[in-house]
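Scroll down for the structure; my scribbles are underneath it.
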There are 2 protein chains.
Amino acid sequence: MKPSSDARPGTANSGKRTTIYDIAHSVGTSPSAVSAVLNGTWRKRRISQKLADRISAVAIEQGYSVNLQASVLRRDRSNIIGMVIPKYDNRYFGAIAEQFEEGARQRGYFPVITCTQRDPELEFEAARMLLSYQVECLVVTGATDPDRISDLCHSAGVKVINLDLPGTKAPSVISDNFQGALDLTRLLLRDWGNEDGRSESLYFVGGRTNDHNTSERIRGFLQAHAEKGLNVPQTNILACGYAAQKAHTSLAALERLPEGIFVNSTISLEGVVMWLSELPPERQQRIQYCCFDWDPFAALMPNCVGMAQQDVPALLDHVFNLIKTDLDSTEIKQIACNLRGQRPSQHAGVAS
Amino acid sequence: MKPSSDARPGTANSGKRTTIYDIAHSVGTSPSAVSAVLNGTWRKRRISQKLADRISAVAIEQGYSVNLQASVLRRDRSNIIGMVIPKYDNRYFGAIAEQFEEGARQRGYFPVITCTQRDPELEFEAARMLLSYQVECLVVTGATDPDRISDLCHSAGVKVINLDLPGTKAPSVISDNFQGALDLTRLLLRDWGNEDGRSESLYFVGGRTNDHNTSERIRGFLQAHAEKGLNVPQTNILACGYAAQKAHTSLAALERLPEGIFVNSTISLEGVVMWLSELPPERQQRIQYCCFDWDPFAALMPNCVGMAQQDVPALLDHVFNLIKTDLDSTEIKQIACNLRGQRPSQHAGVAS
DNA sequence: CAATACTGCTTCATCGATTGAGCATTGATG
DNA sequence: CATCAATGCTCAATCGATGAAGCAGTATTG
């Protein structure tokens with residue numbers, strides 16, 4: 001026997017946590033029998049029903065719970081899977097986090113998520129930390145430099161998957177940003193040049209031109225304009241980063257008001273609606289927008305023509321499939337977005 | 001020396017993770033020297049600068065990272081603090097999660113958050129799981145039955161703190177729901193009986209009457225009515241739970257349209273605005289609402305008169321203070337909310 | 001020059017759970 | 001009755017990191 005033999009049987013072992021040694025002592029058996037009973041391998045290890053029952057009873061009575069540090073250390077598998085995510089402050093990342101946890105639990109994993117505030121250095125440090133906790137697999141969501149983290153994981157023999165933003169050194173699962181942006185822009189441009197008599201090209205607000213998603217969305221945005229024979233001046237692309245304030249500032253700096261805006265994320269949209277709300281009502285009403293990503297309130301705002309909702313369940317299904325099949329490609333899987341148009345009745349409300 | 005001596009020095013130890021034994025072997029020194037160097041205690045343990053440098057170099061070269069399972073098992077402290085949270089799908093819980101992580105990291109802890117989908121059984125299981133990971137402290141956010149989790153933690157000698165919803169067996173940090181609801185209701189009732197000629201009492205939508213926050217908010221709601229000499233019929237309280245769909249259904253079932261609604265959470269508000277958007281525009285415009293909790297888009301919706309934003313930084317400050325001082329009271333600390341009124345220009349927009 | 005202090009490292013037990021190997025005991029078989 | 005198998009359990013090594021104790025060497029002191 002090893003530790004604390006001062007456990008008073010029958011009373012909650014206050015202070016220190018109960019171990020299998022405490023229980024073995026109370027029951028008068030060996031730690032290995034206790035271990036077998038409590039981790040479910042006791043039938044295989046030929047422990048009698050009677051002893052198993054006694055051990056279980058004492059374990060419950062003393063409020064035992066395994067020390068997973070010890071357990072994981074001994075076994076080869078940790079059952080922990082990690083996720084690095086930039087923020088929790090919008091529906092997209094919120095849904096990813098929730099469904100990652102749910103999917104992980106369903107598959108018998110213990111999920112650990114770390115939020116890294118879009119800070120590349122923190123992303124890397126968080127990944128390192130998760131590796132130290134022996135994660136079996138790491139899902140890197142929306143990372144600025146996913147390849148650096150891929151290298152880290154490979155050298156530790158840990159599976160990595162990129163989500164939302166692709167990398168070149170691990171399989172990636174992302175949305176079909178080009179098609180989504182194309183559809184969304186078409187929706188906003190649908191009535192352009194008709195009844196309303198609008199003819200200018202749209203503005204594009206938010207994101208960073210050097211990130212893959214933004215550049216793909218710009219490509220879709222431009223193609224939709226080309227289809228209509230519209231030319232987009234360089235100055236209409238305001239890829240000002242992912243902060244609400246930046247979008248606000250960029251728009252406020254414009255000399256002439258835009259007629260329509262393609263907003264690159266709900267975060268940027270916060271800045272856009274803030275800016276809109278500061279305009280006089282009659283000017284507000286002229287400005288329509290659409291937004292990549294979905295939010296239940298934003299979708300019902302008066303000037304919102306449509307949103308592209310990323311298919312989070314499908315994204316995570318693919319992630320978990322990759323985890324299972326441990327395919328070690330560097331393929332980029334693209335998932336279609338769901339286009340959500342404005343509800344008709346609200347639309348009517350605006351027109352009044 | 002203990003494990004894998006087949007490590008080829010100079011190459012990434014593919015497959016298996018590098019351990020201090022591998023490094024000790026490569027450098028030609030002892031594991032304990034390696035341990036001391038890599039965890040920073042080497043000066044205290046009188047390791048020479050020269051040896052420390054060689055060890056560090058090899059560690060970096062081989063991509064070493066500590067096995068925290070082993071490390072935590074050996075030490076008495078884990079540095080892990082856990083949080084159980086119901087959802088990530090709104091700004092309030094999103095902000096709590098983000099700031100919990102940030103605050104924890106600043107204080108040298110490793111935060112682990114688990115999302116439990118408002119499922120009491122999952123809340124309990126998740127808490128149990130976090131205990132198995134040797135958390136030093138557990139923050140239980142918005143739990144249905146926090147006391148049951150408190151018992152669990154006490155028997156394991158682990159500190160617990162309730163956040164958002166109070167319990168009786170651990171210190172709690174919550175918002176001042178009564179005062180917040182009182183202020184918010186007053187705001188919505190401000191013009192009642194004047195220009196608009198409205199005289200009915202408001203409706204209260206969302207939450208559960210048997211949860212502390214909802215009942216406190218109802219108390220504030222009623223008091224604001226009493227101040228105006230308004231009587232609130234029992235049928236105006238629609239505490240239909242925390243799902244958007246429930247709020248929608250409850251409102252749709254009403255025979256007469258309400259003139260004003262106090263919405264108990266942004267989740268419920270989703271159902272409310274959905275319901276509103278389905279009404280004909282001229283009826284929509286008559287219905288004003290306010291909402292406990294804050295969301296940047298919801299705050300700018302045409303019919304929104306105001307929101308009560310819970311003070312997440314202050315809430316978490318108190319949580320971390322409690323963790324530090326390990327006070328074992330069962331006190332309930334209440335934090336004031338910030339009332340956020342509708343921006344004037346948007347208001348004007350609605351009136352037009 | 002002996003006693004003492006200091007430097008720089010290694011040895012080994014330990015944290016708690018897991019698991020292959022092995023030891024009694026009982027029952028079945030030829 | 002000897003042999004073999006099955007049953008029910010215990011022993012002890014192990015996972016990787018940690019740190020108290022200890023052991024050589026070198027430097028300092030009286």
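Letters go in sequence order (proteins before strands), and every chain restarts at 1.
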#### Entry: Set of side-chain contact (heavy atoms from CB on, under 4.5 Å) partners for B:Arg45, sequence neighbours left out
B:Ser32, B:Ala36, B:Thr41

Please report, rounded to the nearest Å, how far the [atom2] atom of [N] is from the [atom1] atom of [X].
{"X": "A:Arg46", "N": "C:dG20", "atom1": "CZ", "atom2": "C1'", "answer": "12 Å"}
{"X": "B:Arg45", "N": "C:dT7", "atom1": "CZ", "atom2": "C1'", "answer": "14 Å"}
{"X": "A:Trp42", "N": "D:dT10", "atom1": "CH2", "atom2": "P", "answer": "15 Å"}
{"X": "B:Arg43", "N": "D:dG19", "atom1": "CZ", "atom2": "P", "answer": "18 Å"}
{"X": "A:Ile20", "N": "C:dT19", "atom1": "CD1", "atom2": "C1'", "answer": "11 Å"}
{"X": "B:His25", "N": "C:dT10", "atom1": "NE2", "atom2": "P", "answer": "14 Å"}
{"X": "B:Lys44", "N": "C:dC9", "atom1": "NZ", "atom2": "C1'", "answer": "16 Å"}
{"X": "B:Ile23", "N": "D:dA17", "atom1": "CD1", "atom2": "C1'", "answer": "12 Å"}

Side-chain donor-acceptor pair under 3.5 Å between [X] and [Y], yes or no?
{"X": "A:Thr168", "Y": "A:Asp147", "result": "yes"}
{"X": "B:Thr114", "Y": "A:Glu101", "result": "no"}
{"X": "B:Tyr64", "Y": "B:Asp22", "result": "no"}

### Task
Flag the pair B:Tyr133 / A:Tyr133 as yes when their ring centroid distance falls below 6.0 Å, and as no otherwise.
no

### Task
Compute the centroid of each ring, for A:Phe93 and then for B:Tyr88, and state whether the two points are separated by less than 6.0 Å.
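Here the rings of B:Tyr88 and A:Phe93 have centres that are no less than 6.0 Å from each other.
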
#### Entry: Nearest to side-chain heavy atoms of B:Thr19, which nucleotide of D:dG16, D:dC9, C:dC9
D:dG16

### Nearest to side-chain heavy atoms of A:Tyr21, which nucleotide of C:dA17, D:dC9, D:dT18
C:dA17

### Query
When the nearest nucleotide of DNA chain C is assigned to A:Ser35 and to B:Ala52 on a heavy-atom basis, which residue is associated with the more 5' position?
B:Ala52

#### Entry: Identified salt bridge (Lys or Arg N to Asp or Glu O under 4.0 Å) counterpart of B:Arg148 within the set B:Glu121, B:Glu125, B:Glu123
B:Glu121

### Message
Categorize A:Ser48 for me: base, sugar-phosphate, or nothing, with a 4.0 angstrom heavy-atom threshold over every strand shown.
### Response
sugar-phosphate

### Query
When all nucleic acid strands are considered with a 4.0 Å heavy-atom cut-off, which category describes A:Leu38: base, sugar-phosphate, or nothing?
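It contacts nothing in the nucleic acid.
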
### Query
Taking five pairs at each end, how big is the angle between the two axes of the helix from C:dC1-D:dG30 to C:dG30-D:dC1, to 10°?
60°

### Query
Could A:Glu136 and A:Lys159 be called an ion pair, given the rule that one side-chain N must be under 4.0 Å from one carboxylate O?
no

### Message
Counting only heavy atoms and a strict 4.0 angstrom limit, can you tell me which residues of residues 63-80 of chain A come near DNA chain D?
### Response
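Residues of residues 63-80 of chain A under 4.0 Å from DNA chain D: A:Leu73, A:Arg74.
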
### Query
For B:Arg77 and B:Gln134, what are the C-alpha separation, side-chain angles and deciding distance, and is it a side chain to side chain donor-acceptor pair (under 3.5 Å)?
CA-CA 8 Å; B:Arg77 297 198 48 195; B:Gln134 311 301 106; over 6 Å; no

### Task
Using the six-membered ring of A:Phe110, assess whether NZ or CZ of A:Arg105 lies under 6.0 Å from its centre and within 45 degrees of the ring axis.
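Output no; distance or angle outside limits.
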
### Message
For a quick check, tell me whether the side chain of A:Ser32 and the base of D:dC11 share a donor-acceptor pair closer than 3.5 Å.
### Response
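A donor-acceptor contact between them is present.
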
### Task
Hey, which sits more toward the 5' end of DNA chain D by its nearest nucleotide, A:Thr29 or B:Asn39?
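Whichever sits nearer the 5' end wins; that is A:Thr29.
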
